Amino acid sequence: MADQDTLHRRGLMFILSSPSGAGKTTISRMLLEADGEIRLSVSATTRPRRPGEIDGVHYHFVSDADFDRMIEEDDFYEWAHVFDHRYGTPKGHIRAGLKDGHDFLFDIDWQGTQQLYQKDQQDVVRVFILPPSLDELHRRLMARATDSSEVIEGRMERARAEISHWDGYDYVVVNDDVNVCFGKVRAILHAERMKRARQTGLIGFVRELMD
Ligand SMILES: Nc1ncnc2c1ncn2[C@@H]1O[C@H](COP(=O)(O)OP(=O)(O)OP(=O)(O)O)[C@@H](O)[C@H]1O
Ligand SMILES: Nc1nc2c(ncn2[C@@H]2O[C@H](COP(=O)(O)O)[C@@H](O)[C@H]2O)c(=O)[nH]1
């Protein structure tokens, strides 16, 4: 008897985007902790490190010159200017990993999402996270206490523009209660893994069933 979980499938690129402070990093960390089959795509950024962030784990913190060099050497799957800095997804082993059935989690903005989708529609799953209100978004950015009030005001000013890209996503989830939101995001991941087109091992399995 076949166990469906052992059938071969293509991996997927699971993207979480949101206005800054809505909670995508929180949901990403919960997902990585709960699900052993998905790995984080670690972005490169020119922004300064926040307290508690580890180089190579949360981001690859690079200089402007290093970022320029990475662009020149075609090292990025996608990159974009976000706020006052540059962020990019290093190609790494993503394409080979997808073929081997590994899933990758991306915490990237709408510009990066569009670029990844244009390159690889079939493997991309796009999830947008909304805050319950703009007041709550502001409260969360303040409570996180990782950015100056100037930076927080800049992020609030950009929030409406970012939210306007909500319709470029496959799923939209409101992050009011974090556990409820996490449950919904996890359900999306599970369902997307079950898509017939991703379950490449099904063809052989069905053939055997019919014989
Ligand atoms: N549902 C929630 N209720 C209350 N606080 C939350 C909730 N989700 C996340 N937070 C808190 O809000 C703050 C912002 O969350 P987080 O850093 O995950 O946002 P983000 O969308 O990743 O922001 P950025 O784009 O700036 O990295 C954090 O302090 C986090 O603990
Ligand atoms: N297009 C990309 N956007 C990225 C990438 N890595 C992160 N981001 C987005 O930047 C903002 C700000 O992040 P923060 O950590 O400074 O708060 C946020 O929207 C991220 O999703 C990337 O590689 N490409």
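What you see is a predicted model; the values in this text were computed from it and never measured. In listed order, ligands and their atoms are each counted from 1. When a residue number appears, it is its place in the shown sequence, counting from 1.
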Query raised in the report: When you look at CG of Asp84, are more than 12 heavy atoms from neighbouring residues, nucleotides or ligands closer to it than 6.0 Å?
Result: no

Query raised in the report: Judged by non-hydrogen atoms, does Ser17 sit under 4.0 Å from ligand 2?
Result: no

Query raised in the report: Out of Asn175, Thr26, Asp177, Leu16, whose heavy atom sits nearest atom 8 (N) of ligand 1?
Result: Asn175

Requested in this report: Output yes when Asp107 and Arg29 qualify as a salt bridge under the 4.0 Å nitrogen-oxygen rule, no when they do not.
Outcome: no

Query - atom 17 (O) of ligand 1 - nearest protein heavy atom and its distance - result: Arg144 NH1, 2.8 Å

Query raised in the report: Considering only heavy atoms, which of Phe76, Tyr59, Tyr77, Phe106 lies nearest to atom 14 (P) of ligand 2?
Result: Tyr59

Requested in this report: Heavy-atom distances under 4.0 Å are what count here, so tell me which part of Asp176 touches ligand 1: side chain, backbone, both or neither.
Outcome: backbone

Query raised in the report: Which heavy atom of the protein is the closest neighbour of atom 5 (C) of ligand 2, given with residue, atom name and distance?
Result: Tyr87 CB, 3.4 Å

Query raised in the report: Hey, is Phe83 one of the residues with a heavy atom under 4.0 angstrom from ligand 2?
Result: yes

**Report entry** Option with minimal heavy-atom separation from atom 14 (C) of ligand 1, where the choices are Pro132, Gly21, Ser28
**Finding:** Gly21

Query raised in the report: More than 12 non-hydrogen atoms from neighbouring residues, nucleotides or ligands closer than 6.0 Å to NZ on Lys99, yes or no?
Result: no

Query raised in the report: By number and element, which atoms of ligand 2 are closer than 4.0 Å to a non-hydrogen atom of Thr89?
Result: 23 (O)

Query raised in the report: So, Glu72 and Arg69, do they make that salt bridge, N to O below 4.0 Å?
Result: no

Query raised in the report: Is the shortest distance from a heavy atom of Arg50 to ligand 2 less than 4.0 Å?
Result: yes

Requested in this report: Check each atom of ligand 2 against the heavy atoms of Gly88 and keep those under 4.0 Å away; list them by number with element.
Outcome: 22 (C), 23 (O)

**Report entry** Asp55 with Arg49: basic N within carboxylate O range, under 4.0 Å
**Finding:** no

Report task. Heavy-atom contacts with Ala80 under 4.0 Å: which atoms of ligand 2 show up? List them by number with element. Result -> 1 (N)

Query raised in the report: Considering only heavy atoms of Gly112, which atoms of ligand 2 have at least one such atom less than 4.0 Å away?
Result: 1 (N)

Query - Atoms of ligand 1 close to Pro19 [distance to a heavy atom under 4.0 angstrom, numbered from 1] - result: 21 (O)

Query - Glu136 and Arg140 ion-paired at < 4.0 Å - result: yes

Query raised in the report: Which protein heavy atom lies closest to atom 22 (O) of ligand 1, and at what distance to 0.1 Å?
Result: Thr25 OG1, 2.3 Å

Query raised in the report: Does some side-chain heavy atom of Tyr87 sit less than 4.5 Å from a side-chain heavy atom of Tyr59?
Result: yes

Query raised in the report: What do we get for Ser18 next to ligand 1 when only non-hydrogen atoms under 4.0 Å count, side chain, backbone, both or neither?
Result: side chain

Query raised in the report: Do the rings of Phe104 and Phe106 sit parallel, tilted or perpendicular, given the 30° and 60° boundaries?
Result: tilted

Query - Any Tyr169 side-chain heavy atom under 4.5 Å of Val127 side chain - result: no

Query raised in the report: Do the non-hydrogen side-chain atoms of Arg86 and Asp68 ever get within less than 4.5 Å of each other?
Result: yes

Query - Contact partition for Arg155 relative to ligand 2, non-hydrogen atoms under 4.0 Å - result: side chain

Query raised in the report: Which of the numbered atoms in ligand 2 are below 4.0 angstrom from a heavy atom of Arg47?
Result: 14 (P), 15 (O), 16 (O)

Query raised in the report: Is it the side chain (CB and beyond), the backbone, both or neither of His85 that lies under 4.0 Å from ligand 2, heavy atoms counted?
Result: neither

Query raised in the report: Within a radius of less than 6.0 Å around CG of Leu32, do more than 12 heavy atoms belonging to other residues, nucleotides or ligands occur?
Result: yes

Query raised in the report: Applying a 4.0 Å heavy-atom criterion (strictly less than), which segment of Asp109 is in contact with ligand 2: side chain, backbone, both, or neither?
Result: both

Report summary line: Closest to atom 21 (O) of ligand 2 among protein heavy atoms sits Asp107 OD1, 2.8 Å

Report summary line: Nearest non-hydrogen contact to atom 6 (C) of ligand 1 from the set Arg155, Lys24, Arg140, Glu162 belongs to Arg140

Query - Name of the residue among Asp75, Asp74, Asp120 meeting salt bridge (charged side-chain N to carboxylate O under 4.0 Å, His left out) with Lys91 - result: Asp74

Report task. Do me a favour and list the nearest non-hydrogen protein atom to atom 19 (O) of ligand 2 with residue, atom name and distance? Result -> Lys24 CE, 3.5 Å

Query raised in the report: For Gln111, is the nearest heavy atom under 4.0 Å from an atom of ligand 2?
Result: no

Report task. Looking only at protein heavy atoms, identify the closest one to atom 11 (C) of ligand 2 and say how far it is in Å. Result -> Val82 CG1, 3.6 Å

Requested in this report: Indicate yes or no: at least one non-hydrogen side-chain atom of His60 is less than 4.5 angstrom from one of Met70.
Outcome: no

Query raised in the report: Side-chain contact, heavy-atom cut-off 4.5 Å: His138 with Glu153?
Result: yes

Report task. With the side chain counted from C-beta on, respond yes when Ile108 and Tyr77 share a heavy-atom pair under 4.5 Å apart, and no when they do not. Result -> no

Query raised in the report: Is ligand 1 less than 4.0 angstrom away from at least one heavy atom of Ala143?
Result: no

Query raised in the report: Does any non-hydrogen side-chain atom of His58 lie less than 4.5 Å from one of Arg50?
Result: no

Report summary line: atom 19 (O) of ligand 1 sits nearest the protein heavy atom Gly23 N, 3.2 Å

**Report entry** atom 23 (O) of ligand 2: the protein heavy-atom neighbour that sits closest, reported with distance to 0.1 Å
**Finding:** Ser43 OG, 2.7 Å

Report summary line: Under 4.0 Å between heavy atoms, the region of Glu162 that gets near ligand 2 turns out to be neither

Report summary line: Closest to atom 24 (N) of ligand 2 among protein heavy atoms sits Glu78 OE2, 2.7 Å

Query - Salt bridge present between Arg193 and Asp35 (N-O < 4.0 angstrom) - result: yes

Query raised in the report: Looking at atom 26 (O) of ligand 1, what's its closest protein heavy atom, distance included?
Result: Ser20 OG, 2.6 Å

Query raised in the report: Using the benzene-type ring in the case of Trp, are the ring centres of Phe76 and Phe67 under 6.0 Å apart?
Result: yes

